[in-house]
Amino acid sequence: QVPLVESGGGGVQPGESLRLSCAASRLGLDYYAIDWFRQAPGKEREGVSCVSISGGPTYYAQFVKGRFTTSRDTVKKTVTLQLNNLKPDDTAVYYCATDPRGWCGSTWDQEWQYDSWGQGTQVTVSP
């Protein structure tokens with residue numbers, strides 16, 4: 001397993017943006033598919049996006065398409081999730097997770113395939 005740390009969360013108003021980052025202490029994330037999940041109060045955790053290793057597919061949940069973008073920073077060896085045009089319904093704790101297979105597939109939004117998780121970073125969107 002890979003120790004993961006998320007950062008970049010905070011409180012913003014609707015329409016504003018945040019940039020989340022997922023880093024692995026001591027190690028890079030180059031060989032893992034990285035998924036972002038989120039969990040809102042009283043709700044189940046849900047998949048937000050998945051980015052494969054270089055050359056592989058990237059997936060997004062329908063509810064974030066066009067607003068969120070995930071990408072790899074090969075210099076910093078991190079994976080970021082850019083959140084734009086945030087809505088109150090986006091309020092949640094956001095987690096990153098690793099899939100050692102390196103490839104996002106049709107089941108990318110299912111938790112069972114991810115073996116390392118971070119502690120999460122809180123995103124709060126309110127007027």
Side-chain angles (χ1 to χ4, degrees):
Q1 294 187 336
V2 178
L4 300 173
V5 178
E6 303 94 339
S7 61
V12 297
Q13 295 185 342
E16 294 186 339
S17 300
L18 284 172
R19 187 175 180 85
L20 309 184
S21 181
C22 176
S25 60
R26 307 192 313 275
L27 303 172
L29 299 172
D30 294 350
Y31 302 108
Y32 299 91
I34 303 299
D35 199 293
W36 286 94
F37 285 84
R38 71 183 187 183
Q39 187 166 22
K43 295 186 178 181
E44 294 187 352
R45 193 153 52 185
E46 59 184 355
V48 176
S49 66
C50 184
V51 59
S52 302
I53 59 176
S54 180
T58 299
Y59 292 94
Y60 295 94
Q62 275 297 126
F63 56 80
V64 302
K65 275 189 176 180
R67 299 189 298 125
F68 295 2
T69 304
T70 187
S71 60
R72 294 181 179 271
D73 186 326
T74 56
V75 174
K76 296 181 179 179
K77 297 187 180 298
T78 60
V79 172
T80 61
L81 181 66
Q82 179 69 38
L83 315 175
N84 294 329
N85 190 20
L86 282 161
K87 304 175 181 180
D89 285 349
D90 296 318
T91 295
V93 178
Y94 285 71
Y95 302 88
C96 62
T98 58
D99 182 344
R101 297 172 300 176
W103 209 257
C104 301
S106 59
T107 60
W108 68 269
D109 59 347
Q110 297 178 24
E111 297 184 33
W112 57 266
Q113 61 206 301
Y114 298 96
D115 62 351
S116 294
W117 293 78
Q119 293 299 308
T121 184
Q122 176 71 47
V123 172
T124 303
V125 186
S126 62

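Counting only heavy atoms from C-beta outward, the side chains of Asp90 and Arg67 approach each other to under 4.5 Å. Between Asp115 and Pro100, the closest side-chain pair of non-hydrogen atoms falls below 4.5 Å. Looking at heavy atoms from C-beta onward, Leu86 lies in side-chain contact with Phe68 at the 4.5 angstrom threshold. For the pair Thr70/Tyr60, a side-chain contact is recorded, criterion being any heavy-atom separation below 4.5 Å from C-beta on. Residues Tyr95 and Cys22 are not in side-chain contact: their nearest non-hydrogen atoms beyond the backbone lie 4.5 Å or more apart. Residues Asp109 and Tyr59 have side chains not in contact (no heavy-atom distance under 4.5 Å, counting atoms from C-beta outward).
One hydrophobic cluster holds both Leu18 and Trp36 under the rule that ILVMFWY side chains link at heavy-atom gaps under 4.5 Å. Linking Ile, Leu, Val, Met, Phe, Trp and Tyr whenever their side-chain heavy atoms come within less than 4.5 Å leaves Phe63 and Val93 in two separate clusters. When the side chains of ILVMFWY residues are joined at heavy-atom separations under 4.5 Å, either directly or via intervening members, Val12 and Val48 end up in a single hydrophobic cluster. Val64 and Val79 fall within a single hydrophobic cluster, where Ile, Leu, Val, Met, Phe, Trp and Tyr are joined by side-chain heavy atoms under 4.5 Å apart, directly or via other members.
Taking Tyr94 as the reference, nothing meets the ring-ring contact (aromatic ring centres under 6.0 Å, His included) condition, with sequence neighbours excluded.
Note that SG of Cys96 is 9.5 Å distant from CG of Asp35, once rounded to the nearest 0.5 Å. Rounding to the nearest 0.5 Å places CD of Gln110 at 11.5 Å from SG of Cys50. Taking CD from Glu16 and CG from Asn85, the interatomic distance works out to 11.0 Å, rounded to the nearest 0.5 Å.
The main-chain N or O of Ala23 is never found under 3.5 Å from a side-chain atom of Thr78 such that the two would form a donor-acceptor pair.
Among all heavy-atom pairs drawn from Ser7 and Thr121, the shortest one is C-OG1, 4.2 Å. Here the shortest heavy-atom pairing between Gln82 and Arg19 reads OE1-NH1, 3.0 Å. In this structure, Ala97 and Leu4 approach most closely via the heavy-atom pair CA-CD1, 3.9 Å. Residues Cys104 and Ala33 share a closest heavy-atom pair of SG-CB, 4.0 Å. Of all the heavy atoms in Val123 and Gly9, the pair that sits closest is CG2-CA, 4.2 Å. Here the closest heavy-atom approach between residue Asp89 and residue Arg38 is recorded as O-NH2, 3.9 Å.
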Working for side-chain contact (heavy atoms from CB on, under 4.5 Å), residues Glu6 and Leu81: CA-CA 10 Å; Glu6 303 94 339; Leu81 181 66; over 6 Å; no

Would Lys77 and Asp30 count as a side-chain contact (heavy atoms from CB on, under 4.5 Å) if you check the C-alpha gap in whole Å, the side-chain angles of each, and the deciding distance to 0.1 Å? CA-CA 7 Å; Lys77 297 187 180 298; Asp30 294 350; 3.4 Å; yes

Evaluate the side-chain contact (heavy atoms from CB on, under 4.5 Å) criterion for residues Leu29 and Arg72: first the C-alpha distance (whole Å), next the side-chain angles of each, then the deciding distance (0.1 Å), finally the verdict. CA-CA 9 Å; Leu29 299 172; Arg72 294 181 179 271; 4.2 Å; yes

Show your reasoning for whether salt bridge (Lys or Arg N to Asp or Glu O under 4.0 Å) applies to Asp99 and Arg101. CA-CA 5 Å; Asp99 182 344; Arg101 297 172 300 176; 2.8 Å; yes

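If you check the side chains of Ser21 and Thr80, you find no donor sitting under 3.5 Å from an acceptor.
With respect to Thr98, the side-chain contact (heavy atoms from CB on, under 4.5 Å) criterion is satisfied by exactly one of Trp117, Tyr114, Tyr32, Tyr31: Tyr32.
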